[in-house]
There are 2 protein chains.
Amino acid sequence: MATLKHSKQRDAILNFLMSRKDHPTADVVYSHLREEYPNISLGTVYRNLTLLSELGQIKRLHIGDGVDHFDADTSQHYHFLCSECGAVIDLKMETIDHINQLAGVGFDGQIAGNITYFYGLCPKCSAKSGQQEGA
Amino acid sequence: MATLKHSKQRDAILNFLMSRKDHPTADVVYSHLREEYPNISLGTVYRNLTLLSELGQIKRLHIGDGVDHFDADTSQHYHFLCSECGAVIDLKMETIDHINQLAGVGFDGQIAGNITYFYGLCPKCSAKSGQQEGA
DNA sequence: TCAAAAATAGGAATGATTACTATTTTATTC
DNA sequence: GAATAAAATAGTAATCATTCCTATTTTTGA
């Protein structure tokens with residue numbers, strides 16, 4: 001893969017990801033892309049998602065639910081995972097990179113960064129649970 | 001599984017985990033346990049690791065390398081993942097739970113906690129890389 | 001000792017992801 | 001615009017971690 005060649009499928013995958021504020025899995029991307037490209041293969045979706053993340057155009061998220069999620073927003077932000085419905089939501093918050101310093105205290109290696117995500121109840125599930133308790 | 005019955009295999013799995021300060025995968029546990037129990041099955045290892053983690057006696061770690069790791073140290077601590085050799089190392093550092101407050105600013109859901117791990121070069125790989133640069 | 005419940009061994013099944021290959025598409029040169 | 005080489009695709013097979021299934025064995029309490 002010396003020089004990169006254009007592909008409609010890759011463009012469509014990136015465009016689809018950019019149109020979403022949730023964080024789709026490869027399978028979700030595949031399902032939606034098939035509406036426009038009925039013959040697109042899951043392998044193509046995976047290959048391009050991997051390629052795009054290696055190019056730094058998207059981020060691959062391992063949030064511990066056993067499936068990779070993808071995010072076209074490459075700006076600095078954090079993720080929240082709803083323990084109830086599994087939704088992955090962006091958190092626009094100040095950086096917490098100062099924790100790297102805390103982690104480095106008394107550690108002889110080099111801390112390059114951290115992976116952090118938050119969990120709990122998303123706004124929707126939080127509202128539901130509030131109602132039920134009240135009822 | 002109403003009442004829990006004793007099993008030598010489960011004890012051996014927990015003992016093995018407690019004897020290690022790294023964070024073995026199910027397959028590593030399986031390989032070592034086979035020395036003592038040549039007929040132990042991988043299914044038994046997985047079932048007991050899952051059971052023990054549900055009982056809160058061990059922790060299951062998703063560190064994003066595609067394989068689950070297990071940790072018999074259930075006390076508050078953080079983990080470091082070496083980008084070079086894949087080692088998982090304990091970091092004894094002060095709590096960073098204040099980041100939950102930061103994450104909650106302007107978020108309508110409920111933040112219950114965070115999953116955080118650090119990455120970079122472990123002490124050994126850090127030393128090696130330093131030598132090579134110098135040579 | 002006996003019986004019921006739980007655990008095991010062994011292997012099959014699942015599900016996400018990657019690998020393989022013949023064909024198609026893209027980009028470049030004439 | 002045709003010829004060509006490189007890259008991408010579709011479709012499918014393979015891989016790998018993990019879970020599920022079932023007949024047999026172990027544990028435990030009476």
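In what follows, chains are A, B, ... by sequence order, proteins preceding strands, each numbered from 1. Side chains are part of it too, since the values below use all heavy atoms of this structure and drop only hydrogens, waters and symmetry mates.
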* Asked: Which residue pairs satisfy the salt bridge (Lys or Arg N to Asp or Glu O under 4.0 Å) criterion with at least one member in residues 78-107 of chain B, sequence neighbours excluded?
  -> B/Asp73-B/Lys92

Side-chain donor-acceptor pairs under 3.5 Å in residues 54-61 of chain A, sequence neighbours left out?
| unit_1 | atom_1 | unit_2 | atom_2 | d |
| --- | --- | --- | --- | --- |
| A/Arg60 | NE | A/Asp68 | OD2 | 2.7 |
| A/Arg60 | NH1 | A/Thr50 | OG1 | 3.1 |
| A/Arg60 | NH2 | A/Asp68 | OD2 | 3.3 |

* **Qualifying ring-ring contact (aromatic ring centres under 6.0 Å, His included) pairs with a residue from residues 109-130 of chain A, counting only residues at least two apart or across chains** =>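 For residues 109-130 of chain A: none.
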
* Structure fact -> For residues 73-99 of chain B, the ring-ring contact (aromatic ring centres under 6.0 Å, His included) pairs (sequence neighbours left out) are A/His98-B/His98, A/Phe107-B/Phe80, B/His23-B/His79, B/His77-B/His79

Atom pairs, N/O to N/O, protein against nucleotides 15-18 of chain D, distance under 3.5 Å?
| unit_1 | atom_1 | unit_2 | atom_2 | d |
| --- | --- | --- | --- | --- |
| D/dT18 | OP1 | B/Asp68 | N | 2.9 |
| D/dT18 | OP1 | B/Asp68 | OD1 | 3.4 |
| D/dT18 | OP1 | B/Asp68 | OD2 | 3.4 |
| D/dT18 | OP2 | B/Tyr46 | OH | 2.4 |
| D/dT18 | O5' | B/Tyr46 | OH | 3.2 |

Atom pair distance, as rounded to whole Å: [atom1] in [X] and [atom2] in [N]:
X: A/Tyr37; N: C/dT24; atom1: OH; atom2: C1'; answer: 15 Å
X: B/Leu52; N: C/dA7; atom1: CG; atom2: C1'; answer: 13 Å
X: A/Arg47; N: D/dA14; atom1: CZ; atom2: P; answer: 19 Å
X: B/Leu51; N: C/dA7; atom1: CG; atom2: P; answer: 7 Å
X: A/Tyr30; N: D/dT12; atom1: OH; atom2: C1'; answer: 11 Å
X: A/Glu36; N: D/dA10; atom1: CD; atom2: P; answer: 12 Å
X: A/Asp11; N: C/dT26; atom1: CG; atom2: P; answer: 10 Å
X: B/Arg34; N: C/dG10; atom1: CZ; atom2: C1'; answer: 12 Å

[X] vs [N]: side-chain N/O to OP1/OP2 distance below 4.0 Å:
X: A/Thr3; N: D/dA6; answer: no
X: A/Asn48; N: D/dT9; answer: yes
X: A/Gln9; N: D/dA10; answer: yes

* Mark yes or no for whether A/Thr44, through its side chain, and A/Ile40, through its backbone, hold a donor-acceptor pair below 3.5 Å. => no

Expected rows: protein N/O vs nucleotides 26-29 of chain D N/O, under 3.5 Å:
| unit_1 | atom_1 | unit_2 | atom_2 | d |
| --- | --- | --- | --- | --- |
| D/dT27 | O2 | B/Lys5 | NZ | 2.9 |
| D/dT28 | OP1 | B/His6 | N | 3.2 |

* Asked: For B/Leu42, what residues pass the side chain to side chain contact (heavy atoms under 4.5 Å, CB included) criterion, not counting sequence neighbours?
  -> B/Asp27, B/Tyr30, B/Tyr46

* Asked: Who passes side chain to side chain donor-acceptor pair (under 3.5 Å) against B/Gln110, sequence neighbours left out?
  ->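 So B/Gln110 forms a side chain to side chain donor-acceptor pair (under 3.5 Å) with A/Ser126.
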
* Asked: Linking Ile, Leu, Val, Met, Phe, Trp and Tyr through side-chain heavy atoms less than 4.5 Å apart, which residues share a cluster with A/Leu121?
  ->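 Taking Ile, Leu, Val, Met, Phe, Trp and Tyr as members, A/Leu121 stands alone, with no cluster partners.
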
* Got A/Leu14 and A/Asp11 here, is their nearest side-chain heavy-atom distance under 4.5 Å? -> no

* Asked: For A/Arg20, what residues pass the salt bridge (Lys or Arg N to Asp or Glu O under 4.0 Å) criterion, not counting sequence neighbours?
  ->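 With neighbours one apart ignored, the set is A/Asp22.
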
* Excluding sequence neighbours, so at least two apart, what forms salt bridge (Lys or Arg N to Asp or Glu O under 4.0 Å) with B/Lys124? -> none

* Estimate the overall bend of the helix from C/dT1-D/dA30 to C/dC30-D/dG1 from the end axes over five pairs each, rounded to 10 degrees. => 30°

